[in-house]
Amino acid sequence: MPPRKKTKIGFVKDAEDGPSVTKRDENGLLDGVKHIFGEDGLIDWRKMVKDKYLYPNPSKNLSETDVSKLSDSNLCILLGGLKELAQIRGYSNIKYDVSTPSSEYVVATCSITWIPNYETEGREVTFSSVGDASLENSSPVFGVYYLATSAENRAFVRCVRNFLRINIVSKEE
């Protein structure tokens with residue numbers, strides 16, 4: 001296989017070797033993706049979340065399980081859904097700053113540099129959020145063994161949710 005070419009978005013193959021690079025239009029939007037817009041003209045990123053990444057919030061004891069019938073306050077979103085939205089929105093860098101104040105507590109800051117689009121008036125924007133994990137706020141089955149990973153995931157989902165204006169709590173939170 002011939003070497004892959006480096007582009008602004010990433011590595012791609014020549015057309016005869018497979019699909020070509022995904023392109024963005026003059027507004028910075030990913031070609032081939034149906035963007036849903038709100039009345040304000042901005043992308044409604046919440047409506048861009050696929051139902052497969054949503055589930056009823058277990059802390060609400062809901063009888064309804066059809067996510068299309070539940071309000072955002074009664075839903076949770078999976079990490080995969082936020083990763084997909086981040087890819088669609090486009091970013092050039094993700095950076096984590098992780099600290100461990102004690103062996104039972106980890107704090108992570110996630111900073112994402114979002115690529116320019118019309119929503120940011122053509123400017124690159126860096127947005128950050130913080131997540132933490134401790135023995136008290138992590139799953140006793142899994143989370144207490146992976147505090148740093150839990151804190152990183154929490155910081156990431158908060159960064160994406162807050163930047164894209166999505167008011168659905170994440171499973172990681």
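Atom set for the values below is all heavy atoms of this structure, side chains included, hydrogens, waters and symmetry mates excluded.
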* To do: Report the distance from atom OG of Ser71 to atom CG of Asn167, rounding to the nearest 0.5 Å.
  => 11.5 Å
* To do: State whether the side chain of Asn153 and the backbone N or O of Phe156 hold a donor-acceptor pair below 3.5 Å, judged by distance alone.
  => no
* Asked: What heavy-atom pair brings Ala108 and Ala155 nearest, and what distance separates the two atoms?
  -> O-CB, 3.5 Å
* Exam field: side chain Glu64 to backbone Leu70, donor-acceptor pair closer than 3.5 Å -> no
* **Distance-only polar pair, side chains of Ser170 and Glu172, donor-acceptor under 3.5 Å** => yes
* Is the OH atom of Tyr145 crowded by more than 12 outside heavy atoms at less than 6.0 Å? -> no
* Check the pair His35 / Ile88 against side-chain contact (heavy atoms from CB on, under 4.5 Å), numbers first and verdict last. => CA-CA 10 Å; His35 291 81; Ile88 292 169; 4.0 Å; yes
* Asked: With side chains defined as the heavy atoms from C-beta onward, is the minimum distance between Val49 and Ile168 less than 4.5 Å?
  -> no
* Asked: In Å, rounded to the nearest 0.5 Å, how long is the span from OG of Ser99 to OH of Tyr105?
  -> 8.0 Å
* Structure fact -> Scanning both residues in full, the closest heavy-atom pair of Glu152 with Tyr96 reads O-CE2, 3.6 Å
* To do: Rounded to the nearest 0.5 Å, what's the gap from CG on Asp97 to OG on Ser128? Could you check?
  => 9.5 Å
* Asked: Can Val107 be reached from Ile112 by stepping across I, L, V, M, F, W or Y side chains whose heavy atoms are under 4.5 Å apart?
  -> no
* **Stepwise salt bridge (charged side-chain N to carboxylate O under 4.0 Å, His left out) test for Lys52 and Glu84** => CA-CA 12 Å; Lys52 71 180 185 177; Glu84 184 173 283; 5.1 Å; no
* Residue pair Thr109 / Ser129, side-chain heavy-atom distance below 4.5 Å -> no
* Check whether any side-chain heavy atom of Arg24 lies under 4.5 Å from a side-chain heavy atom of Asn117, and answer yes or no. => no
* Taking every non-hydrogen atom, the tightest pair across Val169 and Leu75 -> CG1-O, 3.7 Å
* Asked: Is it the case that one hydrophobic cluster holds both Leu82 and Ile115, taking links as side-chain heavy atoms less than 4.5 Å apart, direct or via other members?
  -> no
* To do: Could you walk me through whether Leu85 and Tyr53 pass the side-chain contact (heavy atoms from CB on, under 4.5 Å) test, one step at a time?
  => CA-CA 11 Å; Leu85 287 183; Tyr53 295 117; over 6 Å; no
* At what distance, to the nearest 0.5 angstrom, does CG of Leu54 lie from CG of Leu78? -> 7.5 Å
* Can you name the closest pair of heavy atoms from Met48 and Ile36 and give their distance? -> SD-N, 3.3 Å
* With the 4.5 Å side-chain cut-off for hydrophobic clustering, are Ile43 and Val33 part of the same group? -> yes
* Look up atom CD in Glu39 and atom CG in Asp44, then write down how far apart they are to the nearest 0.5 Å. => 10.0 Å
* Asked: With the 4.5 Å side-chain cut-off for hydrophobic clustering, are Phe127 and Tyr91 part of the same group?
  -> yes
* Asp72: which of Lys60, Arg161, Arg46 passes salt bridge (charged side-chain N to carboxylate O under 4.0 Å, His left out) -> Arg46
* Say whether, by atom type as modelled, one donor and one acceptor occur between the side chain of Arg154 and the main chain of Glu173 under 3.5 angstrom. => no
* Flag, side chain of Arg158 to backbone of Val130, donor-acceptor distance under 3.5 Å -> yes
* To do: Measure the spacing between CG of Leu147 and OG of Ser102 and express it to the nearest 0.5 Å.
  => 8.5 Å
* To do: Please name the pair of heavy atoms, one in Leu164 and one in Arg89, separated by the smallest distance, quoted to 0.1 Å.
  => CD2-CG, 3.9 Å
* So Val157 and Val160, side-chain contact (heavy atoms from CB on, under 4.5 Å) or not? Walk me through it. -> CA-CA 5 Å; Val157 298; Val160 175; 5.9 Å; no
* Structure fact -> Closest heavy-atom pair, Gly41 versus Phe37, reported as atoms and distance to 0.1 Å, is O-CD2, 3.7 Å
